[in-house]
Amino acid sequence: MRSDGRHFSLTPRILELGWNYFASLGVDEIDESCSMATLDLPDIVYIARAHTKRVMTIGGGTGARLPAHATASGLVLLGTLSDDEFDEYLAAPLEKYTQHTMTNPERLRTTVMTARVRGWALNDQALEIGLRGIAVPVPTRSGEVVAALSVSSNSARTTLKDLRERCLPALQETARAITAGLSRGDARESLAWSTPAGSGHT
């Protein structure tokens, strides 16, 4: 948990509650590389990863950082920023990694807003040629998005349609399961977490 001096709230570390299920999903059900990430501008940071042996992988393991604008998870998480925060982010130059990387601020804004509305985002070789991904947000019961779940795959064997039709439903199901788990935790601990710090109560 984190505290603002008066109240406690959840941090992404609580997502460990759902990671074993998510890792199992990636290996056993969809046979793709799966990741969980949070936003630390200008990057995303992986807080958990599960790889398959046959898929290309990038960026290392837990703790690795990748540019938000060039990843599916980043597109989802950028949608959680306030208008002022997003404007500030877009004011900085966006690095081009491949011919598919979005470096035009207004195009990126449109893509992020679309992802926010529909609840998922695609990345088609924006960071590395041959790598595609799809991501969904993980909200708490209150609606605060604390992380993104993603699946990545080799474009030589996985089409964008396959990501949408085969992988997206599994990601959405997993995100709902994690949110439900967080909600149960909120219900059990709501009194302790809402107690003002320093009040002497637990």
Side-chain angles (χ1 to χ4, degrees), residues 12 15 18-19 22-23 25-26 30 32-52 55-81 85-86 88-139 145-164 166-168 170-172 174-175 178:
L15 293 167
W19 178 249
F22 184 53
L25 167 73
I30 59 176
E32 301 290 357
S33 179
C34 303
S35 305
M36 183 181 290
T38 59
L39 188 64
D40 185 23
L41 291 176
D43 302 320
I44 61 167
V45 179
Y46 286 121
I47 58 175
R49 305 197 75 181
H51 295 300
T52 60
V55 71
M56 64 189 299
T57 60
I58 63 170
T62 301
R65 304 175 71 93
L66 293 176
H69 72 288
T71 61
S73 290
L75 296 177
V76 166
L77 293 171
L78 286 172
T80 68
L81 298 176
E85 290 171 330
F86 196 30
E88 182 177 354
Y89 170 79
L90 290 177
L94 299 170
E95 186 171 351
K96 191 175 186 66
Y97 296 92
T98 74
Q99 64 265 39
H100 304 290
T101 309
M102 284 182 287
T103 57
N104 180 281
E106 290 312 308
R107 182 186 172 200
L108 181 60
R109 185 192 301 275
T110 298
T111 300
V112 168
M113 293 303 104
T114 298
R116 177 194 286 178
V117 170
R118 69 186 181 187
W120 54 273
L122 275 172
N123 165 39
D124 186 16
Q125 306 179 85
L127 183 62
E128 183 174 305
I129 295 298
L131 187 72
R132 286 176 170 154
I134 192 166
V136 301
V138 179
V145 174
V146 292
L149 300 179
S150 66
V151 166
S152 58
S153 185
N154 192 321
S155 63
R157 67 179 181 83
T158 305
T159 65
L160 295 176
K161 181 179 179 181
D162 192 39
L163 285 175
R164 290 192 300 267
R166 182 172 64 89
C167 300
L168 179 58
L171 279 174
Q172 291 170 326
T174 304
I178 293 175

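What you see is a predicted model, and the numbers here were worked out from it, not measured in a lab. Keep in mind that the numbers below use all heavy atoms, side chains included, and drop hydrogens, waters and symmetry copies. Residue numbers count from 1 along this sequence.
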> How far apart are the C-alpha atoms of L75 and L108, what are their side-chain angles, what is the distance that settles it, and do they pass the side chain to side chain contact (heavy atoms under 4.5 Å, CB included) test?
Replying inline: CA-CA 8 Å; L75 296 177; L108 181 60; 3.6 Å; yes
> At what distance, to the nearest 0.5 angstrom, does CG of L78 lie from OH of Y89?
Replying inline: 5.0 Å
> Tell me, which pairs form a salt bridge (Lys or Arg N to Asp or Glu O under 4.0 Å) where one or both residues lie in residues 112-125, sequence neighbours left out?
Replying inline: D124-R132
>> Within this structure, what is the CD-CG distance for the pair E85 and L39, rounded to the nearest 0.5 Å?
In response: 9.0 Å
> Where is the tightest heavy-atom contact between V138 and A175, given as atom of each residue plus distance?
Replying inline: CG2-CB, 4.3 Å
> Closest heavy-atom contact between L127 and P67?
Replying inline: CD1-CG, 3.7 Å
> What are the two closest heavy atoms between C34 and V151, and how far apart are they?
Replying inline: SG-CG2, 4.1 Å
> Looking at NZ of K96 and CG of N104, how far apart are the two atoms once the value is rounded to the nearest 0.5 Å?
Replying inline: 10.0 Å
> At their closest point, which heavy atom of S152 faces which heavy atom of L131, and how far apart are they?
Replying inline: CB-CD1, 4.1 Å
> For Y97, which residues count as a side-chain hydrogen bond (donor to acceptor under 3.5 Å, both in side chains) partner, sequence neighbours excluded?
Replying inline: E95
>> T98: which residues meet the side chain to side chain contact (heavy atoms under 4.5 Å, CB included) condition with it, sequence neighbours left out?
In response: H100, T101, I129
>> Just verifying a value: how many Å separate S35 OG and L66 CG, rounded to the nearest 0.5 Å?
In response: 8.5 Å
> Between M102 and L94, does a side chain to side chain contact (heavy atoms under 4.5 Å, CB included) hold up when you go through it step by step?
Replying inline: CA-CA 8 Å; M102 284 182 287; L94 299 170; over 6 Å; no
> Quick one: side chain to side chain contact (heavy atoms under 4.5 Å, CB included) partners of Q172, sequence neighbours excluded?
Replying inline: W120, V136, L168, R176
>> Within this structure, what is the CD1-CG distance for the pair I134 and L160, rounded to the nearest 0.5 Å?
In response: 8.5 Å
> Who passes side-chain hydrogen bond (donor to acceptor under 3.5 Å, both in side chains) against D162, sequence neighbours left out?
Replying inline: R166
>> Quick one, T71 with D43, criterion side chain to side chain contact (heavy atoms under 4.5 Å, CB included). Give me CA distance, side-chain angles, the key distance, then yes/no.
In response: CA-CA 9 Å; T71 61; D43 302 320; over 6 Å; no
> With R109, which residues qualify under salt bridge (Lys or Arg N to Asp or Glu O under 4.0 Å), at least two apart?
Replying inline: D87, E106
>> Could you work out, with side-chain hydrogen bond (donor to acceptor under 3.5 Å, both in side chains) as the rule, every residue matching T158, not counting sequence neighbours?
In response: S153
> How long is the gap from CG on L163 to OG1 on T159, to the nearest 0.5 Å?
Replying inline: 7.0 Å
> Which atom pair, heavy atoms only, marks the closest approach of L77 to A147?
Replying inline: CD2-C, 3.7 Å
> Residues two or more places apart in sequence or in another chain: which of them pass side chain to side chain contact (heavy atoms under 4.5 Å, CB included) with A135?
Replying inline: A72, S73, V76, S150
